[in-house]
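Contents: one structure, followed by commentary.
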Amino acid sequence: MQTVVVTGAAGGIGTRLRQLLPAVYPNIRWSDRVRPKDLAAHETFVQADLTALTEVEAALDGAQGVVHLGGFSTEGPWETILQSNIIGCYNLFEAAHRRGVERVVFASSNHAVGFYPRRRRIGTETPVRPDSRYGVSKAFGEALAALYAYKHGLRVTSIRIGNFGEVPVDERRLSIWIKPEDLVQLIRIGLEHPDIRCEIFYGASDNARGWWDNAAAFRFGYRPQGRAEAHRDAALAAQAKLPPDPVGDWYQGGTYCSDEFDAGVEQAEV
Ligand SMILES: NC(=O)c1ccc[n+]([C@@H]2O[C@H](COP(=O)([O-])OP(=O)(O)OC[C@H]3O[C@@H](n4cnc5c(N)ncnc54)[C@H](O)[C@@H]3O)[C@@H](O)[C@H]2O)c1
């Protein structure tokens, strides 16, 4: 992989990856609509707004791989999600196709499947069940991934990221946490593994309380190093300070499910 473009470079994950990825890929072009505040002289940065196809095409010029982190990363008004995540994601895949990019790794989210109950273990072949407009946009991105993979031969990996951070900070995150180095492992599989065509992985570490069957990632050699249970006491102590949330605590998506929830108290059993 000679040149890799990473969108969303100014964000939380992008900022951490700027510390970890250069050791793996010496030629990275960082991109965002805003310039990272701490950009170093040796880092290559291209400003591009995902809503402008020509800007995205220019950012991807000559690249073999893209890690697509850019977008609105929480629930938001429809117009915001529409611009950055729906139109923006379409532009990313279309620009990749036009510029002959070989591989895309797409930062999807657990919120594409947030309305499954926590007691259900799900794999990657279960239908999407988004818990928010944001989650719908991630399901849309996974659909674009399949279109560009099977119609145009792009090799695409969608990673349904749980929660990225140095440690899991509450009970839900004991199930969905991913350690930064483990995300790097999944990104490397997406950019390098010869058998990638169109894959969906869960972006989770080795979490004993996990809800997801990540067999697809394991088949490609993923060996997560993070163990959420090592941080159990601190996470549960933090959880004890949070108010109960009957809907959010039932479903995998947490507060993304209880926000705006008006379906009544009956909860999906399966
Ligand atoms: N952080 C997590 O735990 C987590 C979990 C699941 C999924 N994800 C996904 O991973 C990606 C990165 O997450 P993050 O936590 O770093 O998010 P973040 O909000 O910190 O960063 C997102 C970046 O995208 C950029 N961006 C937004 N709209 C843009 C546009 N129209 N054009 C160009 N750039 C634009 C922002 O400027 C920002 O720097 C996101 O796609 C997010 O949905 C993150």
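Read the numbers this way: they start at 1 and go in the same order the structure lists the ligands and their atoms. Residue indices begin at 1 and follow the sequence shown.
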Mind jotting down which protein residues get a heavy-atom contact under 4.0 Å with ligand 1? Chain and number order, please.
Gly8, Ala10, Gly11, Gly12, Ile13, Asp32, Arg33, Val34, Ala48, Asp49, Leu50, Leu69, Gly70, Gly71, Ser73, Ser84, Ala107, Ser108, Ser109, Tyr134, Lys138, Ile161, Gly162, Asn163, Phe164

Glu55/Arg33 ion pair, N-O < 4.0 Å:
no

Donor-acceptor pair, Asn163 side chain versus Arg173 backbone, under 3.5 Å?
no

Spell out, as yes or no, whether a donor-acceptor pair under 3.5 Å connects the side chain of Arg172 to the backbone of Gln252.
yes

pair Tyr148-Tyr90: side-chain heavy atoms closer than 4.5 Å
yes

Between Asp195 and Arg219, does any side-chain N to carboxylate O distance fall below 4.0 Å?
no

For the residue pair Arg129 and Phe115, would you count it as a cation-pi contact if the rule is NZ or CZ under 6.0 angstrom from the ring centre and within 45 degrees of the ring axis?
no

